[in-house]
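As the structure is a prediction and not an experimental result, all values here were calculated from the model. In what follows, every chain begins at residue 1, and chains take the letters A, B, ... in the order their sequences are listed.
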Amino acid sequence: MSTVRVRFAPSPTGYLHVGGARTALFNWLFARHHKGVFVLRIEDTDLARSTEQATQVILDALEYLGLDWDEGPNKDGDYGPYYQSQRLDIYKEYANKLMDLGRAYECYCTPEELDERRKEQIKAGFPTRYDQKCSELTDEEKAAFRAEGRVPTVRFKAEGDGETIVPDLIRGNVRFENTQVDDFVIFKSDGMPTYNFAVVVDDALMKITHVIRGEDHLSNTPKQIQIYQALGFDVPIFAHIPMILGSDKSLLSKRHGATSVMQFSEEGYMATAMVNYLSLLGWGYDDSQTIFSVPELIEKFSLERVSKNPAVFDLQKLEWMNGIYIRDLSLEEFYDIAVPFWQKAGFYPEEPNTEEKEYALRILAEIQNRIKFLVDVIDFAKYFFTDDYEYNEQVVESILDKPGIEDILEYIYDALESVPEFTEEHIKPLFKEGLEKFDVKMGGLIQPIRVALTGSNISPGIYDVLELLGKERVLDRIKRTLILMKERG
RNA sequence: GCCCCCAUCGUCUAGCGGCCUAGGACACCGCCCUUUCACGGCGAAGGCACCGGUUCAAAUCCGGUUGGGGGUACCA
């Protein structure tokens, strides 16, 4: 069998959203699994909405996910160019060919006229289709329309009767009555081809063997198949993958919160988690496995196991998975990820020395299974690096603003000041004494210290915090907290 | 309006006629661990949309109903 060639063909009208990313992923996995070729093609024929900037954003997102393409932007291949806007001559050539074959004709109807006739069809209960008003125009009639200032579109002359069958790897043979397929526009009056035409010419010329795309394209596929056939192209194998929905089961959109892949990146999701989660949206391997490495996905992915029904995007599961991947990081890997966040936040040196790195690694070991998102490395580590951290007001109120807390802190201060070695081994006995002295439970003693040292009621184990911070900073912070409490009254 | 697709716990899914008193994961609830927050461990609850067929036997096959999604553009 010949080499598998698949493509991802986004239109650069915004960011790369979750649905597009999943489509790209499935194509990429399929290509890598079959040692085939993954083509990236930019469908920028919508002049009004496409931007160069959006193209770059999409490339960035694919890069973040690790989905590299073999042919496409910045990666020349034998079937370029890979921007549709640079392939106009090609589309014109094939449109002309269709006209020569009698399978396409100029249409001078205006959008307004078409709209009106369409409404009448709906009212009468007929399928909405072009009435072929312009299909037999004489040269004189065309000239007359042009004299009126009308600019024609080009329409494909669709099959009159019979049916068109879409062979789909996921859904089987899907049949469409040809009466449902009308003479649709293949060239707009602005000189650009329409999607349904350009996609066929490109997929055919780029020798795409498998078209893997969202189910929203299924209904348009008979149109495309008719063009393949009219032009004598081989029809590729189709695989329409299920849609991704929001929690209310409507199509996933901005209404449902973050849907941009890069936004997830900024919020601290790991690309590996993202890829793993996305792979499970409409695909599953067996009844027990949910965590897959990328090589594993490549090995195990198959279109046969893609499900037919739409999948709801479950943020909670993604979050859980992100945690799995964060905890799976080696300390060195975790360090490499955390440092840029810390540097950006301004409390970690640009060129840390060995000692500083050792210290950082100890902190990371403590926070690794506590954070949910990568950005959390900032808040969870900040007080280990700087005295300039916030006291959480609510926490201060509920823990420090209570009678007797000052006495406890003063006792702890004295106790810690006298401790010979600042380690859990030596500190613990002193705390035990405090328990009896103040008749409190461990929490009653430790929580006030925690707040004094971190500004928060959430932190690693208190002995770890004490050892990490060291005697001097611990005493300073307790003293500082006592002053703060006096000010508050 | 017309056409197409889909239908197993709240969510993602396993199941491709008997192994199913339907399995796993997330979420939820309870318990354990515990100085907080997490991590971790254990356990509970929760589903084959409905109605007809076919069959000795149906979550699995067929038809219908209902529900959801998509398409129907000079968007892609």
Side-chain angles (χ1 to χ4, degrees), chain A residues 9-13 43-46 48-50 84 107 109-111 114-115 118-119 121-129 151-155 166 168 170-171 174-177 179-182 184-196 198-199 214-223 240 242-243 245 247 249-251 277 280-291 305 307-321 323 327 367-372 380 395 399 431 441-447 449-451 454 456-463:
Chain A
S11 61
T13 53
E43 307 215 327
D44 54 354
T45 53
D46 184 345
R49 296 198 299 153
S50 300
Q84 287 191 330
C107 170
C109 299
T110 65
L114 294 168
D115 201 40
R118 197 158 26 231
K119 277 177 188 154
Q121 288 171 336
I122 290 177
K123 214 196 249 169
F126 293 122
T128 54
R129 54 202 313 268
V151 182
T153 60
V154 178
R155 283 184 185 271
V166 178
D168 188 284
I170 295 167
R171 282 150 224 285
V174 184
R175 318 174 92 85
F176 293 83
E177 291 290 329
T179 51
Q180 293 296 324
V181 180
D182 71 344
F184 58 95
V185 172
I186 60 174
F187 249 89
K188 301 182 258 182
S189 56
D190 68 0
M192 297 298 268
T194 59
Y195 167 75
N196 283 126
V199 75
E215 201 204 309
D216 48 338
H217 291 286
L218 182 56
S219 293
N220 280 320
T221 308
K223 292 179 182 173
H240 287 95
M243 302 275 79
L245 311 178
S247 46
K249 304 261 184 153
S250 69
L251 204 60
Y277 179 70
L280 259 28
L281 244 32
W283 175 84
Y285 182 64
D286 62 18
D287 62 344
S288 60
Q289 193 174 359
T290 46
I291 301 299
R305 292 196 66 88
S307 86
K308 295 185 177 95
N309 33 342
V312 171
F313 186 79
D314 182 3
L315 191 63
Q316 281 184 312
K317 192 161 184 174
L318 207 210
E319 284 178 9
W320 163 77
M321 200 168 269
R327 271 169 256 133
I367 68 175
Q368 188 165 20
N369 58 18
R370 288 171 221 269
I371 69 168
K372 213 166 175 185
F380 277 68
V395 170
I399 295 177
F431 281 13
K441 289 187 177 169
M442 210 44 151
L445 204 63
I446 282 171
Q447 284 300 75
I449 308 171
R450 192 188 309 280
V451 178
T454 71
S456 155
N457 60 344
I458 298 168
S459 86
I462 196 67
Y463 300 109

Between [atom2] of [N] and [atom1] of [X], the distance in whole Å:
{"X": "Y463(A)", "N": "U36(B)", "atom1": "OH", "atom2": "P", "answer": "12 Å"}
{"X": "N220(A)", "N": "C3(B)", "atom1": "CG", "atom2": "P", "answer": "17 Å"}
{"X": "M192(A)", "N": "C75(B)", "atom1": "CE", "atom2": "P", "answer": "10 Å"}
{"X": "R118(A)", "N": "G71(B)", "atom1": "CZ", "atom2": "P", "answer": "15 Å"}
{"X": "R171(A)", "N": "C6(B)", "atom1": "CZ", "atom2": "P", "answer": "6 Å"}
{"X": "D168(A)", "N": "C5(B)", "atom1": "CG", "atom2": "P", "answer": "10 Å"}
{"X": "F184(A)", "N": "G71(B)", "atom1": "CZ", "atom2": "P", "answer": "17 Å"}
{"X": "K308(A)", "N": "G70(B)", "atom1": "NZ", "atom2": "C1'", "answer": "17 Å"}

Interatomic distance at [atom1], [N] relative to [M], whole Å:
{"N": "C20(B)", "M": "A58(B)", "atom1": "C1'", "answer": "11 Å"}
{"N": "G52(B)", "M": "C3(B)", "atom1": "P", "answer": "27 Å"}
{"N": "G17(B)", "M": "G1(B)", "atom1": "C1'", "answer": "40 Å"}
{"N": "A49(B)", "M": "G68(B)", "atom1": "C1'", "answer": "11 Å"}
{"N": "A73(B)", "M": "U60(B)", "atom1": "C1'", "answer": "41 Å"}
{"N": "G10(B)", "M": "C48(B)", "atom1": "C1'", "answer": "16 Å"}
{"N": "C16(B)", "M": "C26(B)", "atom1": "C1'", "answer": "25 Å"}
{"N": "A45(B)", "M": "U65(B)", "atom1": "C1'", "answer": "31 Å"}

For C42(B), does the O4'-C1'-N9-C4 or O4'-C1'-N1-C2 angle fall within 90° of 0, making it syn, or is it anti?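 Here C42(B) takes the anti form, which means its glycosidic angle is more than 90° from 0.
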Look at the side chain of T153(A) against the base of C74(B) and say whether a donor-acceptor pair falls under 3.5 Å; ignore hydrogens and angles.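 By the distance-only test, no, there is no pair.
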Pairwise distance CG(D190(A)) to CG(D46(A)) - rounded to 0.5 angstrom: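 Reported value, rounded in 0.5 Å steps: 8.5 Å.
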Which base, if any, makes a Watson-Crick or G-U wobble pair with [N], both distances under 3.5 Å?
{"N": "C19(B)", "result": "none"}
{"N": "G67(B)", "result": "C6(B)"}
{"N": "C33(B)", "result": "none"}

Respond yes when some side-chain nitrogen or oxygen of R175(A) is under 4.0 Å from OP1 or OP2 of C5(B), and no when none is.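 No, because none of the side-chain N or O atoms of R175(A) sits under 4.0 Å from OP1 or OP2 of C5(B).
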Given G24(B), is OP1 or OP2 found less than 4.0 Å from the side-chain N or O atoms of K317(A)?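 No, because none of the side-chain N or O atoms of K317(A) sits under 4.0 Å from OP1 or OP2 of G24(B).
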Between V312(A) and R327(A), which is nearer to the 5' end of RNA chain B once each is assigned its nearest nucleotide?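 The 5'-side residue here is V312(A).
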Quick check on RNA chain B: between T110(A) and I371(A), whose nearest nucleotide comes earlier from the 5' end?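 Nearer the 5' end of the strand: I371(A).
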Hydrogens and angles aside, do Q121(A) and R118(A) bring a side-chain donor and acceptor to less than 3.5 Å of each other?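 No pair is found: no donor N or O on one side chain lies under 3.5 Å from an acceptor on the other.
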Quick check for you: among C39(B), A76(B), G1(B), whose closest atom lies nearest to any side-chain atom of N369(A)?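 Ranking C39(B), A76(B), G1(B) by closest atom to the N369(A) side chain puts C39(B) first.
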For a quick test of reading the model, state the closest non-hydrogen atom pair linking G282(A) to P242(A) and the distance between them.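 That would be CA-CG, 4.2 Å.
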Report yes if the side chains of K249(A) and V312(A) come closer than 4.5 Å at any heavy-atom pair, otherwise no.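 Side chain of K249(A) against side chain of V312(A), heavy atoms only: contact under 4.5 Å found.
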